[in-house]
Amino acid sequence: MSAVGAGLALCLLVAPASGATTAADETGGGVSGSGAGGWTSEAAARFWTAGRMAAVPAGSGSGKSAAAPGARSTAGAARSARHFDGVPSVGVLFSVDQDARAHHCTASVVRSPHRNLILTAGHCKPGSRAAFVPQYRSGATAQPYGVWAVERGFTDPRRTGDGPGSDLDFAFATVAPDGEGRALESVTGGNILLRTPGYATDVTVIGYPTVRSDPADQAVRCDVRTRRLTGHRQLRMECGGFYGGTSGGPWLSRFDERTKTGYVVGNIGGLNGGGPSGADGHRTSYSPYYGSEVFRLYARAVAR
C-alpha cells in the first residue's frame, strides 16, 4: 500500500530503557508546546479555510488502498459501509508539510486528563504542522467543531508496515486549545480507551475516505463483528467502503447513539497500513489488538 509523501513526520522515537522497548517519547518530530512556532489552533483555522480545504490536491490517503477515480470492484461483499453525517469525536487530519494536502487520515478524540488527546494510526504521520477537524464537513463555510492545531505526537518506535511491528500501528497526539482557551474534548466529547475485549467483538467503525477514493467526501460507518487476522495480533473486519483516508478510524465498542461516543478498542491500521492491497482492499480492514503497549503509550502522551 502507498506510503505518505515526504515531509516532517509526527513519528517520535526514543531509545528503550534497560533493553525494553515500550512506548515512544517525543524527540522533536512534532510542534513542541502550545503555540510553538506560531502554530496555534487559531493559526490552523486561518490556514485551513474552506477554500484551501477544497483546493488542495486530493491524495490517495495513508496506508489503506485507494481506488483509482471511478473504479469500483465488481466482487460481492458481505456488507458495505454507509455514508452518514459523522460524529463530533471523529474527524480528519490535514497536513502542512512541503506541500499542503487534503485530508489523508482519520483520527478520534480519546478521553484524557488534559482533554486534549486524539488517536490515529502510527503510519499516518501528519507532519510538523497538522490540523485535526472534528466531524469534517466537505464544502462547509465553517467547520461545526472548528480546526485544531496538532502539537505533539507519540508512536511506538518498533512499529513497522509488516511483521510483528505492524501490531503496533497506533499513535496519539495532543492538540492545542482553541482561541477561547477550551480543550478539544470539552467541545467534542471523547471515547474511552479500552483493552480489546477479544478477537471476536462487535464494533462500530468510522472513517473518512479521501475524495479521490470516494467523491462523496463524507464519513462512512459500519457496524460489524470482527475476527482475528491470522498470524498477527490484530483484528480484521469485512465491510466495503473503507478506502484510503480511513486509516486511524476508531473501532468503537458499545457505541451510544445518544452520546455519539463509545469505547475505542482499535483503529484502522496494522499490516500493510490496515488492509490488503488491490481493488478489493477497501472491503477488508485490520486493527491492532489493544493491550499493554497502547496503554503505555497513552500514559506517555498524557504525562506532563
Asker: Can you measure from CG (Leu168) to CG (Leu297) and round to the nearest 0.5 angstrom?
Answerer: 9.5 Å
Asker: Looking at every non-hydrogen atom in both residues, tell me the closest pair between Arg129 and Gly38 and how far apart they are.
Answerer: NH2-N, 4.4 Å
Asker: If we only count heavy atoms from C-beta on, is the Arg195 to Ser292 side-chain gap below 4.5 Å?
Answerer: yes
Asker: Does the side chain of Leu117 reach to within under 4.5 Å of the side chain of Tyr298, using non-hydrogen atoms?
Answerer: yes
Asker: Give me the atom names and distance for the closest heavy-atom approach of Arg182 to Ser186.
Answerer: CB-OG, 3.9 Å
Asker: When you measure from the side chain of Glu151 to the backbone of Ala173, do you find a donor-acceptor pair of N or O atoms at a distance under 3.5 Å?
Answerer: no
Asker: Does any non-hydrogen side-chain atom of Phe172 lie less than 4.5 Å from one of Ser112?
Answerer: no
Asker: Mind checking the CZ-CG spacing from Arg254 to Leu252? Nearest 0.5 Å is all I need.
Answerer: 11.5 Å
Asker: Tell me, with the steps shown, if Phe94 and Tyr136 meet ring-ring contact (aromatic ring centres under 6.0 Å, His included).
Answerer: CA-CA 11 Å; Phe94 280 86; Tyr136 166 72; 5.8 Å; yes
Asker: Assess whether atom CZ of Arg233 is packed by more than 12 heavy atoms of other residues, nucleotides or ligands within 6.0 Å.
Answerer: yes
Asker: By the ring-ring contact (aromatic ring centres under 6.0 Å, His included) test, which pairs, at least two apart or in different chains, include something from residues 178-207?
Answerer: Tyr199-Tyr289
Asker: Which pair of heavy atoms, one from Pro250 and one from Val264, lies closest together, and at what distance?
Answerer: CB-CG2, 3.9 Å
Asker: Any side-chain donor paired with an acceptor under 3.5 Å for Thr174 and His114?
Answerer: no
Asker: With a 4.5 Å limit on heavy-atom distance, are the side chains of Val147 and Met53 in contact?
Answerer: yes
Asker: Is there a donor-acceptor pair closer than 3.5 Å between any side-chain N or O of Thr120 and the backbone N or O of Ala171?
Answerer: no
Asker: Strictly distance-based, threshold 3.5 Å: is any side-chain N or O of Ser247 a donor or acceptor partner for the main-chain N or O of Cys105?
Answerer: no
Asker: What pair of heavy atoms forms the shortest contact from Ser287 to Gly266, and how long is it?
Answerer: OG-CA, 3.2 Å
Asker: Under the 3.5 angstrom rule, does the side chain of Thr106 hit a backbone N or O of Gly245 as a donor-acceptor pair?
Answerer: yes
Asker: So how far is it from Gln234 CD to Arg236 CZ, rounded to the nearest 0.5 Å?
Answerer: 10.5 Å
Asker: Could you check if a side-chain atom of Trp48 sits within less than 4.5 angstrom of a side-chain atom of Val133, using non-hydrogen atoms only?
Answerer: no
Asker: Assess the residue pair Arg111 and Tyr263 against the criterion (side-chain contact (heavy atoms from CB on, under 4.5 Å)); give the C-alpha distance rounded to whole Å, side-chain angles, the decisive distance to 0.1 Å, and a yes or no.
Answerer: CA-CA 10 Å; Arg111 286 171 61 173; Tyr263 295 83; over 6 Å; no
Asker: So, the side chain of Asn267 versus the backbone of Gly248: is there a donor-acceptor pair under 3.5 Å, distance only?
Answerer: no
Asker: Under 4.0 Å between a side-chain nitrogen and a carboxylate oxygen: does that hold for Asp280 and Arg283?
Answerer: yes
Asker: Applying side-chain contact (heavy atoms from CB on, under 4.5 Å), can you list everything that pairs with Ala299, at least two apart in sequence or on another chain?
Answerer: none
Asker: Which heavy-atom pair separates Thr204 from Phe255 by the least distance, and what is that distance?
Answerer: OG1-CB, 3.7 Å
Asker: Taking only Lys NZ, Arg NE, NH1 and NH2, and the carboxylate oxygens of Asp or Glu, determine whether Asp223 and Arg221 approach each other closer than 4.0 Å.
Answerer: yes
Asker: Quick check: do Val265 and Val203 have side-chain heavy atoms less than 4.5 Å from each other?
Answerer: yes
Asker: Tell me the closest heavy-atom pair linking Pro134 and Leu184, and the distance in Å.
Answerer: CG-CD1, 4.1 Å
Asker: Output yes when a side-chain donor or acceptor of Thr226 lies under 3.5 Å from a complementary backbone atom of Thr201, and no otherwise.
Answerer: yes
Asker: Before giving the answer on side-chain contact (heavy atoms from CB on, under 4.5 Å), spell out for Trp251 and Ile268 the whole-Å C-alpha distance, their side-chain angles and the decisive distance to 0.1 Å.
Answerer: CA-CA 7 Å; Trp251 296 34; Ile268 292 181; 3.2 Å; yes
Asker: Measuring from atom SG of Cys222 to atom CD of Glu238, what distance do you get when rounded to the nearest 0.5 angstrom?
Answerer: 10.0 Å
Asker: Can you tell me how far CE of Met237 sits from CG of Leu229, rounded to the nearest 0.5 angstrom?
Answerer: 13.0 Å
Asker: Got a donor-acceptor contact below 3.5 angstrom from the Asp169 side chain to the Gly122 backbone?
Answerer: yes
Asker: With a 4.5 Å heavy-atom cut-off, do His103 and Phe132 have their side chains touching?
Answerer: no
Asker: Just so I know, are the side chains of Val220 and Pro209 near enough to count as touching, which here means a heavy-atom distance under 4.5 Å?
Answerer: yes
Asker: Please list every donor-acceptor pair under 3.5 Å in which a side-chain atom of residues 81-90 meets a protein atom from a residue at least two apart or in another chain.
Answerer:
from  : atom 1 : to     : atom 2 : distance (Å)
His83 : NE2    : Asp214 : OD1    : 3.4
His83 : NE2    : Asp214 : OD2    : 2.7
Ser89 : OG     : Asn191 : ND2    : 3.3

Asker: What verdict does the side chain to side chain donor-acceptor pair (under 3.5 Å) test give for His104 and Ser95, after you've listed the backbone C-alpha separation in whole Å, the side-chain angles of each residue and the deciding distance to 0.1 Å?
Answerer: CA-CA 8 Å; His104 61 285; Ser95 180; 5.2 Å; no
Asker: Rounded to the nearest 0.5 Å, what's the gap from OH on Tyr290 to CG on Leu193? Could you check?
Answerer: 6.5 Å
Asker: Do Arg52 side-chain atoms and Val56 backbone N/O form a donor-acceptor pair below 3.5 Å?
Answerer: no
Asker: Can you tell me how the ring of His282 sits relative to the ring of Tyr243, calling it parallel under 30°, perpendicular over 60° and tilted otherwise?
Answerer: parallel
